[in-house]
Every structure is written in structure tokens, then in C-alpha cells.
Amino acid sequence: MTSKGLDSESFELLLASVQRFIRERLVPAENDVEEHDEVPAKLVDDMKEMGLFGLSIPEEYGGIGLSMAQEVRVAYEFGQTSLAFRSVFGTNVGIGSQGILMDGTEAQKGELLPRVASGDLIMSFALTEPDAGSDPAALKTRAVLDGDHYVIDGVKRFITNAPRAGAFTLMARTGGEGAGGISAFIVPSDTPGLSLGKPDKKMGQRGTKTCDVVLDGVRVPAANIIGGEAGKGFKTAMKVLDRGRLHVAALSCGMAKRILDEAVAYARERKQFGQRIGDFQLVQAMLADSQAELYAGWSMVQDCALRYDAKPAGKRDAEVSMLASCAKLFCTEMVGRVADRGVQVHGGAGYINEYKVERFYRDVRLLRLYEGTTQIQQLIIGRALMQDD
């Protein structure tokens, strides 16, 4: 299912309210989130009221129902503040809910999606394992049929929003080796046998929550398989990741914009040798390279999002999948270069946490890893190019 989105007038009103919320509420709270490693509960409640948890969920299930082209514009705005804020509702908008929306039964959609859209239920996506990250077909978590239930055993790693989650979209092996033996399950977080590891201490992105999810004899009804059919989980995961990669690419562009703005502002006010450092051509060159790369990346994202919306609803289009990987690869690498230049423009001050670029430099490093590493995107693109017509 692919939403055609809001009418343009309604969307522009939504976008304006998002921009105002980010400018007036989130940016001033960035230091607090960094210091306490937590997004304030009041801000989370405000996000729920704004409908941010249901951005990509159709109106019939209580969401706003943005198209992909509209979703990336919202993600671009949220990229311009601490990434922890977007992470609060990110799994509900993307990888946590989209598998149910795309491939779930009508009963599953009707029961879960309204609660996901309201933010009453936080959904998390549990695919990665200690020995299966970039190669999800190698996952070892196993689900064994026992009557009308499956018994699941395994460990999931680096699971975003796991400490907040009320349920997981969880991949487990129900059949033989390879992608065809994987099924997608809906697993409530309070199911006996499911426990969480200690919170991960990360290089950056303070305020985001990740940890291990441990499954020891977890029993879930067979009816909890997404779509009601075993063996379709890998295909579901790949469809979900196509959309997620575009979202992350847009997020990367937004953060590149914020870092560039910080660098330009500093270059205008900082003086050396009796003049603004921004008047030196070598500093201007760094700013210019960042602006050009940002423009290229954002153009890629918008073009691919339009192509995504044009494909048949709920279907995976090989060219769109390849282009989504192109956007994810380029934009996440691009923002790393922009962040590096941002620190360089600041000089020694850029290495001090008093300045936002030091924080953002650490935060953006993760973007090249999740939703498929840069190297996995290269493999996807390369294989697509080598496919026979």
C-alpha cells in the first residue's frame, strides 16, 4: 500500500507547523538532550499531538498518510536538529510499522496501526543479530511451530527504540537456510521470555535508545506472522528498507543543511588576520563543496521519492530499489564530508563540545551504518547494474 499523500495545501500547513515546532521547541532543547541522554516526555507528548507517529500511516488507520515525496520533506526538516528527536517516532513511521502496512492482514492492520499512528504503541524493527547484520539472510533466530504457536529463540542486536517498544516487527527463521526461510512476526514486548539487554552506549546520537532483544522460549500465535504466511519475511523486510533508506537519505540532507548553516554563521563572525574567515577563498571552497553536494543529494532524494510514489502500491520496483540505495549511499557519505568540513571551518573550536558541529560530527557517523551499510548499498547497486535485461 502506497499513500498518494495529502493535498498540497494541507501538506504545506503541516510542514509549516513542523518547521515552527523544530525551530521553537526542539532546537532550544538540543543541549538538554545531549546532557541527559533523554528526550523530554513533554516533547514526546507534543509529537503525538501533532500526529508525527502516524506520518506514513493512511488516514483510514488514524494516520496522516503522507506520500514518500512528502515524507522526505518532513524528514529533511527533522534532520536539521538533534537526530534523537526524529528517532522517537522514526520506527513508527518507518521500519516498525511499514511491514504491517505493506504485507499485514486486514485484522493486523486494524488492530495495530491506529495505536501506532497515535503513538500509544511504539513499534520497533528487530532484524539485526550478533552474527547477521549486513546479511539478514544469515539470521539465526529460530521460530519452531508448536501447535498453533511458534516458539522463538535468539538474540537481536542494536534494536532502535527497543527500550520504548510495546511490540516488535521481528524476523525469525521458520524454514531452511537462505532468505526463503525467514518469516516476519509481531511480538508484543511483554511476552514471557522476551527481555532487553542493557542500553547501548554509543559514539553519538545521545537521546536515541538501542539495546539487545533476547528471546528465550517466546511463544507467539501463528496468527502473528505478518500476512499470515510463513517464509515471506525477507521480502517484507526488503520492501520496508527501500522506504527507510530514502527516509535516512533525506534526514542526512537535512543534517548537512544544519551543519552548513552553522559553518557559514561561524565563518561570517570569526575573524583572523583582520578579516572574516569566510572571506578567505579556501574557507569559501569548503563551504561551496558542501553546498554543491547537499544540492546533489537532495535532488536525488526528491527524484527517487517521486519514482517511489509512481510505482504500483505495495510492489517492489527493482529500479526504484536501486535508486533508493544510490540516494542512501550518496547522502549518508555526503553528510559525513559536510560534517568534517564543518569542523574544519570552525578550526580548534570545532573540536570542542561547546559548538554544535562537534556533536553533529559524531551523530552523522551512524547514518552510514544502519538501514544497510554503504558497502551493502554498493553491492545492491552493482548487482542491479549487472542484471540481464
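Numbers here simply count residues along the sequence, with the first being 1.
Residues L14 and L43 are members of one and the same hydrophobic cluster, defined by side-chain heavy-atom contacts under 4.5 angstrom among Ile, Leu, Val, Met, Phe, Trp and Tyr. Under the 4.5 Å side-chain contact rule for hydrophobic residues, V335 and L369 share a cluster. Side-chain heavy atoms closer than 4.5 Å link hydrophobic residues (I, L, V, M, F, W, Y) into clusters, and following such links, possibly through other members, connects M334 to Y370. There is a path of hydrophobic side-chain contacts, each under 4.5 Å, that joins I152 to V213. Criterion: ILVMFWY side-chain heavy atoms under 4.5 Å apart, direct or through other members. Under it, V33 and L26 are part of a common hydrophobic cluster.
The two residues E293 and F330 have their closest heavy-atom pair at O-CE2, 3.6 Å. Considering all non-hydrogen atoms of both residues, Q98 and V93 come closest at NE2-O, 3.2 Å. Of all non-hydrogen atoms in L101 and S56, the two that sit nearest each other are CD2-O, 3.8 Å. P163 and L196 make their closest contact through CA-CD1, 3.8 Å (heavy atoms, listed as atom of the first residue, atom of the second, distance). The two atoms that bring I226 and G99 nearest to each other are CG2-O, 3.6 Å, heavy atoms only. Scanning all heavy atoms of the two residues, the minimum distance from I182 to T174 falls at C-OG1, 4.5 Å.
Going from atom NZ of K271 over to atom CG of D279 covers 9.5 Å, rounded to the nearest 0.5 Å. Atom CZ of R206 is separated from atom CG of D37 by 4.0 Å, given to the nearest 0.5 angstrom. Interatomic distance, CZ of R245 versus CG of L329, reported as 10.5 Å (0.5 Å rounding). How far CG of D261 is from CD of Q80: 7.0 Å, rounded to the nearest 0.5 Å. Atom NZ of K209 and atom CD1 of I122 lie 13.5 Å apart (nearest 0.5 Å). The distance from atom SG of C326 to atom CD1 of I380, rounded to the nearest 0.5 Å, is 10.0 Å.
Checked for salt-bridge contact, E333 and K328 miss the test: no charged N lies under 4.0 Å from a carboxylate O. The pair D242-R316 meets the salt-bridge criterion, since a charged nitrogen lies less than 4.0 angstrom from a carboxylate oxygen. For the pair E71 and R243, the salt-bridge criterion is met [side-chain N within less than 4.0 Å of a carboxylate O]. Ion pairing between a basic and an acidic side chain is recognised when a charged N comes within 4.0 Å of a carboxylate O; D46 and K42 show such pairing. Here K156 does not pair with D212 in a salt bridge; the nearest charged N to carboxylate O distance is not below 4.0 Å. No salt bridge links E262 with K257; every basic N to acidic carboxylate O contact stays at or beyond 4.0 Å.
The shortest distance between side-chain heavy atoms of F78 and V18 falls below 4.5 Å. At least one side-chain heavy atom of N31 sits less than 4.5 Å from a side-chain heavy atom of K356. Contact annotation: the side chain of S189 approaches that of F168 to within less than 4.5 Å [non-hydrogen atoms, C-beta and beyond]. A heavy-atom distance below 4.5 Å is not found between the side chains of E129 and R157. Residues L66 and F11 meet the side-chain proximity criterion, which asks for heavy atoms closer than 4.5 Å. The side-chain heavy atoms of T141 and M171, taken from C-beta on, include no pair separated by under 4.5 Å. The shortest distance between side-chain heavy atoms of M123 and T91 does not fall below 4.5 Å. Between I64 and L6 there is a side-chain heavy-atom pair separated by less than 4.5 Å.
At least one donor-acceptor pair under 3.5 Å links the side chain of K202 to the backbone N or O of T208. Although no hydrogens or angles enter the test, the distance criterion places no donor-acceptor pair under 3.5 Å between the side chain of R341 and the main chain of V283. Here the side chain of S118 pairs a donor or acceptor atom with the backbone of D120 at under 3.5 angstrom. D317 places a side-chain N or O within donor-acceptor distance of the main-chain N or O of E319, the cut-off being under 3.5 Å. Of the possible donor and acceptor atoms, one in the side chain of Q108 sits under 3.5 Å from a partner among the backbone N and O of I225. When atom types are taken as modelled, the side chain of E371 and the backbone of L241 share no donor-acceptor pair closer than 3.5 angstrom. N161 places no side-chain N or O within donor-acceptor distance of the main-chain N or O of S124, the cut-off being under 3.5 Å.
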Steps toward side chain to side chain contact (heavy atoms under 4.5 Å, CB included) verdict (C253, L294): CA-CA 6 Å; C253 291; L294 167 58; 4.0 Å; yes
Show the numbers, then the answer: is there a side chain to side chain contact (heavy atoms under 4.5 Å, CB included) between Y76 and Q302? CA-CA 10 Å; Y76 179 84; Q302 293 180 95; over 6 Å; no
Could you go through R276 and E269, starting from their C-alpha distance and side-chain angles, then the distance that decides it, and tell me whether this counts as salt bridge (Lys or Arg N to Asp or Glu O under 4.0 Å)? CA-CA 6 Å; R276 303 183 306 175; E269 66 181 42; over 6 Å; no
Apply salt bridge (Lys or Arg N to Asp or Glu O under 4.0 Å) to residues R219 and D146 and explain how you reach the verdict. CA-CA 9 Å; R219 292 181 64 86; D146 180 23; 2.8 Å; yes
Could you give me the CA-CA distance, side-chain angles and deciding distance for V39 and F85, then say whether side chain to side chain contact (heavy atoms under 4.5 Å, CB included) is met? CA-CA 7 Å; V39 176; F85 295 121; 4.0 Å; yes
Start with the C-alpha distance between Y150 and F185, add both sets of side-chain angles, then the distance that settles ring-ring contact (aromatic ring centres under 6.0 Å, His included), and finish with yes or no. CA-CA 10 Å; Y150 278 90; F185 289 86; 5.2 Å; yes
Would F53 and L121 satisfy side chain to side chain contact (heavy atoms under 4.5 Å, CB included), going step by step from the backbone distance to the final call? CA-CA 9 Å; F53 286 79; L121 174 64; over 6 Å; no
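A donor-acceptor contact closer than 3.5 angstrom is absent between the side chains of S97 and N92. No side-chain donor-acceptor contact under 3.5 Å links N353 and R362. Side-chain contact of S87 with Q205: a donor-acceptor pair under 3.5 Å is absent, judged by distance alone.
Aromatic ring orientation, Y355 versus Y266: perpendicular (interplanar angle above 60°, classes split at 30° and 60°).
Between L215 and the options T191, L194, V155, a side-chain contact (heavy atoms from CB on, under 4.5 Å) holds for only L194.
Within a 6.0 Å sphere centred on CG of L282, heavy atoms belonging to other residues, nucleotides or ligands number 12 at most.
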